[in-house]
Amino acid sequence: MRIFNKITDIKAEIKKIKSSGRSVGLVPTMGFLHEGHMSLVRESVKNNDVTVVSIFVNPTQFGPTEDLAAYPRDFESDCALLEKNNADIIFYPEPSEMYGEGFCTKVELSGITEVLCGITRPVHFAGVATVVTKLFNIVNPDRAYFGSKDYQQLQVIKRMIKDLNMDVDVVGMPIIRENDGLALSSRNVYLKGDERTSALALSGSFKLVENLLREGVEDTKTIKEKVADFILSHPHTRIDYIETVHPETLVSVDSADTDFVMALAVYVGKARLIDNRYFEVHHV
Ligand code: PAF
């Protein structure tokens, strides 16, 4: 496994790989890797000749009051996990390498980035779209792997690829959960004491929705109210949003009579957790 810090070096390496006809899979990450990331790495290793994992805590996707400085980092442990899971290349640039002097370009989508997380995190998706575009240009991957825990991010990236005619196949991978249902996230490390138990309110909500749909409740306002009551019955919780949206456009849906995604963002103590579930309404 090789580690590259400089854009020119990794570009030269990718050029060699591509000119020998080998395919490249990219797993973009911000490090502090866990089993969720590893599921993406393993999928890439299975389907590409070379797997590149980028580790970059991207400053432009954090708002001024968000956790950029505190974001957990452990490069050594990341390297050990990636070695074990057969990644070939790590791209680990400094912020100054990615955003050199005079940097002033932004990739910004409208609509799809202005709902859900985009409401409380107004700069987030432009930061994500810009850095992912840069990573695509640097690594030139055939396929790129993203987890569907960040459901909105996945739809934003798919939309951007379509709109900008980018030549990358995006592979969305299922959410990986602990045995008790908590979705894996680097931010779970912020959960202290009984906050860990309260965090189960997010995945628990989906069971509640399943039951409501089975009982024939279709009005999403009622569904969301019941989910809010359920979440707030857990100590240390504060709701950012509870939404029922169209799976691709992320436009809010009023009636659960067609497929929809329930998306949640909930503070549990200091941790802002997100989770979602795709409901195929006639098959719950
Ligand atoms: O999902 C993440 O870890 C980040 O948003 C990403 C896609 C690596 C961009 O910085």
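When a ligand or atom number is given, it counts from 1 through the structure's own listing order.
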Inset, instruction - Assess whether atom CG of Asp167 is packed by more than 12 heavy atoms of other residues, nucleotides or ligands within 6.0 Å. - result: no
Legend entry - Contact (N/O only, under 3.5 Å) between Asn58 and ligand 1: no
Inset, instruction - Find out whether Ile3 and Phe75 are in side-chain contact, i.e. whether some heavy atom of one side chain is under 4.5 Å from a heavy atom of the other. - result: yes
Legend entry - ligand 1 to Gln153 polar contact by distance, N or O atoms, under 3.5 Å: yes
Inset, instruction - Test Phe260 against every option in Phe279, Tyr151, Tyr278 by the ring-ring contact (aromatic ring centres under 6.0 Å, His included) rule and name the one that passes. - result: Phe279
Inset, instruction - Give the numbers and elements of all ligand 1 atoms closer than 4.0 Å to a heavy atom of Thr29. - result: 8 (C)
Inset, instruction - Just jot down the ligand 1 atoms closer than 4.0 angstrom to any heavy atom of Pro28, in number order. - result: 8 (C)
Legend entry - Element-labelled atoms of ligand 1 that are located less than 4.0 Å from some non-hydrogen atom of Val131: 9 (C), 10 (O)
Inset, instruction - With the side chain counted from C-beta on, respond yes when Val123 and Thr60 share a heavy-atom pair under 4.5 Å apart, and no when they do not. - result: no
Inset, instruction - Name the closest protein heavy atom to atom 3 (O) of ligand 1, giving the residue it belongs to and the distance to 0.1 Å. - result: Met30 CG, 3.5 Å
Legend entry - Student check: side-chain heavy atoms of Phe230 and Ile242 closer than 4.5 Å: no
Legend entry - Side chain to side chain, Met98 and Leu135, heavy atoms closer than 4.5 Å: yes
Inset, instruction - For Gln61, counting its heavy atoms only, list the atoms of ligand 1 lying under 4.0 Å from any of them. - result: 4 (C), 5 (O), 9 (C), 10 (O)
